[in-house]
Amino acid sequence: RPSRPEDNNIPVVVGSTWEIPVYTSAIVHTGGNYMSSGFGQSMSTDLIYSENSGNEDWVDSQMELYLGIDNYVTMADPLSYVSIDHIDCWAKMLSPDRLLVLQLPPSHDDYVALEAAADLLESTESPCGTDWEVYRVASSGSEGYTNSLINNDHVYVPLFGSGYDAAAIALYESAMPGYTIEGFEYGGWLPSDALHCRTRNV
């Protein structure tokens with residue numbers, strides 16, 4: 001992105017160090033606004049289009065050409081209290097047929113919009129040929145539990161020191177049997193800036 005030009009050098013350095021080819025697209029994209037099933041389907045908010053001059057056809061073609069994505073699911077961001085419009089602030093793919101979506105209290109201003117987004121995802125076909133199985137993780141709005149990191153057989157979940165933390169860990173354990181779920185509390189986590197935002201894995 002224009003505000004973080006040095007990020008573009010990371011894959012070049014990694015590729016050179018590991019002696020693997022690097023292919024570069026001109027697309028403007030952010031890691032926090034991207035999640036993939038690994039089976040030709042990915043999801044983002046429609047920020048991806050506005051950051052690329054609104055050229056939806058070109059964006060979709062880049063996603064297919066470089067990443068093999070032939071089913072790119074995009075939607076409006078349902079959260080007004082988060083300004084970055086990244087999908088990892090409220091949703092996360094857990095497997096090729098399971099999704100985690102934040103759940104706000106009914107009194108929250110974004111409750112209706114988030115429920116509509118969850119319903120839309122639940123009715124979307126997964127790469128397995130079935131509708132997505134959607135799990136909901138409770139948050140007051142101050143906790144961004146979907147902003148977690150899956151790395152091999154471990155899942156790292158940001159904890160916020162709130163009364164919702166224990167239920168979030170239990171929800172991940174229920175939704176991802178066989179994985180080691182580890183919670184990390186850190187005073188700097190934000191609902192829009194936690195583990196997935198701050199890390200990358202290869």
Side-chain angles (χ1 to χ4, degrees), residues 1 27-52 54 56 59-60 63 67 69-150 155 157-158 160 162 164-165 167-172 174-176 189-197:
R1 303 172 89 191
I27 197 169
V28 177
H29 211 335
T30 58
N33 192 35
Y34 182 74
M35 56 184 179
S36 175
S37 67
F39 292 92
Q41 186 187 66
S42 291
M43 294 183 180
S44 300
T45 69
D46 54 15
L47 173 69
I48 179 60
Y49 297 130
S50 62
E51 286 196 322
N52 288 277
E56 296 186 17
V59 167
D60 291 349
M63 299 301 289
L67 300 176
I69 302 304
D70 55 20
N71 183 7
Y72 196 21
V73 179
T74 60
M75 64 193 69
D77 184 72
L79 302 184
S80 65
Y81 70 92
V82 174
S83 61
I84 61 174
D85 291 346
H86 288 183
I87 199 165
D88 67 1
C89 296
W90 55 274
K92 185 173 191 69
M93 285 183 179
L94 304 179
S95 75
D97 64 351
R98 292 183 176 186
L99 277 168
L100 181 66
V101 178
L102 211 65
Q103 187 165 42
L104 297 171
S107 58
H108 196 284
D109 289 346
D110 290 333
Y111 173 79
V112 172
L114 185 57
E115 291 305 297
D119 290 344
L120 177 62
L121 290 174
E122 199 164 21
S123 65
T124 301
E125 187 175 289
S126 77
C128 297
T130 59
D131 289 345
W132 285 93
E133 184 177 1
V134 176
Y135 289 79
R136 306 300 301 275
V137 59
S139 168
S140 69
S142 298
E143 303 87 11
Y145 297 119
T146 57
N147 211 305
S148 61
L149 180 72
I150 302 172
V155 185
V157 181
F160 295 81
S162 83
Y164 291 87
D165 285 355
I169 292 294
L171 190 283
Y172 269 95
S174 173
M176 304 186 74
W189 294 148
L190 301 171
S192 60
D193 182 16
L195 270 163
H196 185 259
C197 284

### Query
Shortest non-hydrogen contact from H86 to L47?
CD2-CD2, 3.8 Å
### Message
Quick check against the 3.5 Å criterion: does T130 have a side-chain atom that pairs as donor or acceptor with the backbone of S126?
### Response
no
### Query
Hey, would you say the H108 and Y81 ring centroids sit under 6.0 Å apart?
yes
### Query
Is any side-chain heavy atom of L67 closer than 4.5 Å to a side-chain heavy atom of S42?
no
#### Entry: CH2 on W132 to CG on L94, rounded to 0.5 Å
9.0 Å
### Task
Would you give the length of the straight line joining atom CE of M35 to atom CG of L99, rounded to the nearest 0.5 angstrom?
5.5 Å
### Query
Tell me, do P191 and W90 make a side-chain contact under 4.5 Å, heavy atoms counted?
no
### Message
Working to the nearest 0.5 angstrom, can you tell me the gap between F39 CZ and M93 CE?
### Response
11.5 Å
### Task
Could you check Y49 against D60 for side chain to side chain contact (heavy atoms under 4.5 Å, CB included), going step by step and ending with a plain yes or no?
CA-CA 9 Å; Y49 297 130; D60 291 349; 2.8 Å; yes
### Query
Is there a donor-acceptor pair closer than 3.5 Å between any side-chain N or O of N52 and the backbone N or O of I27?
no
### Query
Counting N and O atoms only, with roles assigned by atom type, does the side chain of K92 sit under 3.5 Å from a partner on the main chain of S148, one being a donor and the other an acceptor?
yes
### Task
For H29 and Y34, work out which heavy atoms get closest and say how close.
NE2-CD1, 3.8 Å
### Query
Which pair of heavy atoms, one from A175 and one from R98, lies closest together, and at what distance?
O-NH1, 2.5 Å
### Query
In Å and rounded to the nearest 0.5 Å, what is the OG to CE distance from S36 to M63?
8.0 Å
#### Entry: Check: Q41 and D70 side chains under 4.5 Å, non-hydrogen atoms
no
### Minimum side-chain heavy-atom gap Y172-L100 below 4.5 Å
yes
### Query
Is there a donor-acceptor contact under 3.5 Å from the side chain of D110 to the main chain of S80?
yes
### Task
Measure the spacing between CG of L79 and CD1 of I84 and express it to the nearest 0.5 Å.
10.0 Å
### Task
In plain terms, say whether E115 and R136 are close enough for a salt bridge, that is, a side-chain N and a carboxylate O under 4.0 Å apart.
yes
### Side chains of L171 and M176 in contact at under 4.5 Å (non-hydrogen atoms)
no
#### Entry: Minimum-distance pair of heavy atoms, taken over all atoms of T30 and E51
CG2-OE1, 4.2 Å
### Task
Could you please spell out the steps behind the side chain to side chain contact (heavy atoms under 4.5 Å, CB included) verdict for M75 and D46?
CA-CA 5 Å; M75 64 193 69; D46 54 15; over 6 Å; no
### Message
Taking the side chain as everything from C-beta on, heavy atoms only, tell me whether V101 gets closer than 4.5 Å to L114.
### Response
yes
### Query
Can you tell if the side chain of D131 reaches within under 4.5 Å of the side chain of T124, non-hydrogen atoms only?
no
### Query
How about L149 and V155: do any of their side-chain heavy atoms sit closer than 4.5 Å?
no
### Task
Going by the side chain to side chain donor-acceptor pair (under 3.5 Å) test, name the single residue among T74, N33, D77, D88 that passes it with T45.
N33
### Query
Which heavy atom of P158 sits nearest a heavy atom of L195, and at what distance?
N-CD1, 3.6 Å
### Message
Applying side chain to side chain donor-acceptor pair (under 3.5 Å) to E133 and Y135, what does each step give before you reach the verdict?
### Response
CA-CA 7 Å; E133 184 177 1; Y135 289 79; 3.1 Å; yes
### Query
Ring centroid separation for F160 and Y145, is it under 6.0 angstrom?
yes
### Query
Closest approach of S37 and P127, non-hydrogen atoms and distance?
OG-CG, 3.3 Å
#### Entry: Separation of S44 OG from D85 CG (nearest 0.5 Å)
11.5 Å
